[in-house]
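First comes the structure, then the notes that go with it.
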Amino acid sequence: MKRFILTYFIVLLMTAAYAQKMPQDYFNEAVQWEGAGKPDAAIANYHYIIKHHPRNKIYVNALYNLGNAFATKKDYRQAIAAYEKVVNSGYDDKTLVGGDIMASPFGNLKHYASMGIYEAYDSLKQYDSALVYLNQANNVNSYEHFCGNAQASKDIYMSLRYADLFEHLKDSTSSEKALLQTIFHESEGNTEVVQRLISLYKYREYKRLALEFDKAVDLLKEEADSRYPAMKNYSIIFRKTEIKIPDLFYMSADEPDRAAIQAKLKGCYFRGMLESL
């Protein structure tokens with residue numbers, strides 16, 4: 001009888017050892033809870049990882065997802081607190097996580113956390129604070145990606161977010177300047193950017209902007225790239241705003257020709273829409 005009890009006890013110990021959940025199990029389960037619309041259950045799992053496994057490789061991921069779960073509940077203060085811990089961590093946004101050519105192979109958790117804080121403050125209508133963290137996401141914890149198209153898409157998204165914020169802050173001039181930065185990102189679909197600018201110009205009853213644009217293109221700026229001297233950067237100054245011409249706009253040419261670039265600029269979607277004013 002004693003032998004049976006001892007054997008049974010050993011079997012129970014072995015079963016418990018094999019059945020013990022690992023941090024990754026808690027994490028995967030939390031992701032499933034979030035997908036099922038149960039953020040509270042997910043939050044409990046993320047808290048467990050954060051409390052008991054601070055040195056685990058998924059610790060920062062748990063912090064970030066915790067912020068997302070709180071944001072889902074519209075508990076923006078708690079979300080900001082979690083995101084701040086990601087931003088202040090030693091995480092490297094260039095950590096490789098895999099993914100296809102359009103989905104960034106880098107972790108970018110600090111960038112996403114900065115964006116999460118921006119979105120939380122934006123939801124709280126604290127627009128000055130939102131601007132601080134949008135700047136942080138754009139300039140400090142900038143988006144890491146090796147694909148030019150993906151970066152262009154991100155530029156358009158950021159341009160629109162800046163414009164939204166400046167409109168909330170009653171700064172229409174800065175809103176216009178933010179939108180102008182991506183008027184040449186045609187390959188990644190900048191229709192919303194252009195249409196918002198045209199609506200703004202119609203509201204202000206601006207005229208002859210097409211002619212002003214053509215004059216800016218005639219004065220196309222050209223300078224050597226500071227990192228790659230053999231390459232050239234191009235830009236124009238329109239509406240008192242310097243606008244860089246993205247490489248994707250003229251990359252089809254082996255040796256970009258100034259006249260060809262100017263002709264393409266004058267045939268772009270934005271220039272065509274200026275004719276409607």
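It should be emphasised that the depicted structure is a prediction, and the values quoted were computed from it without experimental measurement. Numbering of residues begins at 1 and proceeds along the displayed sequence.
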### Query
Hey, are Arg161 and Asp164 close enough for a salt bridge, meaning a charged N less than 4.0 Å from a carboxylate O?
yes
### Query
Ion pair present between Lys264 and Asp257, side-chain N to carboxylate O less than 4.0 angstrom?
no
### Query
Does a donor on one side chain and an acceptor on the other come within less than 3.5 Å for Gln24 and Asn28?
yes
### Query
Can you check side-chain contact (heavy atoms from CB on, under 4.5 Å) on Phe166 and Thr173, steps first, answer last?
CA-CA 8 Å; Phe166 285 127; Thr173 300; over 6 Å; no
### Message
With no hydrogens and no angle check, just 3.5 Å: does a side-chain donor-acceptor pair link Asn108 and Glu144?
### Response
no
Donor-acceptor pairs under 3.5 Å, side chain of residues 122-136 to any protein atom, not counting sequence neighbours: which ones?
unit_1	atom_1	unit_2	atom_2	d
Ser123	OG	Glu119	O	3.0
Tyr133	OH	Glu84	OE2	2.5
Asn135	OD1	Tyr162	OH	2.7
Asn135	ND2	Leu131	O	3.3
Gln136	OE1	Ser114	OG	2.6

### Task
May I ask you to check whether over 12 heavy atoms, not counting those of Lys154, lie within 6.0 Å of atom NZ?
yes
Using distance only, find each side-chain donor-acceptor pair of residues 267-277 under 3.5 Å and give its atom names and separation, not counting sequence neighbours.
unit_1	atom_1	unit_2	atom_2	d
Arg271	NE	Asp214	OD1	2.8
Arg271	NE	Asp214	OD2	3.4
Arg271	NH1	Glu275	OE2	2.7
Arg271	NH2	Asp214	OD2	2.9
Arg271	NH2	Glu275	OE2	3.1
Ser276	OG	Met273	O	2.5

### Message
I want to check a possible cation-pi pair here: Lys94 against Phe106, using under 6.0 Å from ring centre and within 45° of the ring axis as the test.
### Response
no
### Task
Please check if any side-chain donor atom of Ser235 sits under 3.5 Å from a side-chain acceptor atom of Lys221, or the reverse.
no
### Query
Could you go step by step and tell me if Glu192 and Ile156 meet the side-chain contact (heavy atoms from CB on, under 4.5 Å) rule?
CA-CA 9 Å; Glu192 183 179 354; Ile156 292 170; over 6 Å; no
#### Entry: Worked verdict on Val86 versus Tyr91 for side-chain contact (heavy atoms from CB on, under 4.5 Å)
CA-CA 7 Å; Val86 177; Tyr91 182 85; 5.6 Å; no
### Query
Is Tyr121 reachable from Leu169 through a run of hydrophobic residues whose side-chain heavy atoms are each under 4.5 Å from the next?
yes
List, one per line, each side-chain donor-acceptor pair under 3.5 Å for residues 47-57, sequence neighbours excluded.
unit_1	atom_1	unit_2	atom_2	d
Asn56	OD1	Ile58	N	3.0

### Task
Would you please name every residue forming a ring-ring contact (aromatic ring centres under 6.0 Å, His included) with Phe184, sequence neighbours left out?
Phe249
#### Entry: side chain to side chain donor-acceptor pair (under 3.5 Å) partners of Gln181, counting only residues at least two apart
none
#### Entry: Modelled atom types, side-chain donor and acceptor of Tyr112 and Asn141, under 3.5 Å
no
### Query
Looking just at side-chain N and O atoms, do Asn45 and Tyr26 make a donor-acceptor pair shorter than 3.5 Å?
no
### Query
Among all residues two or more places apart in sequence or in another chain, which pass the salt bridge (charged side-chain N to carboxylate O under 4.0 Å, His left out) test with Lys38?
none
### Task
May I ask you to check whether Tyr76 and Phe70 place their ring centres under 6.0 Å from each other?
no
### Glu223 versus Asn233, side-chain donor and acceptor atoms under 3.5 Å
no
### Query
Can Ser175 and Arg196 be counted as having a side-chain donor-acceptor contact under 3.5 angstrom?
no
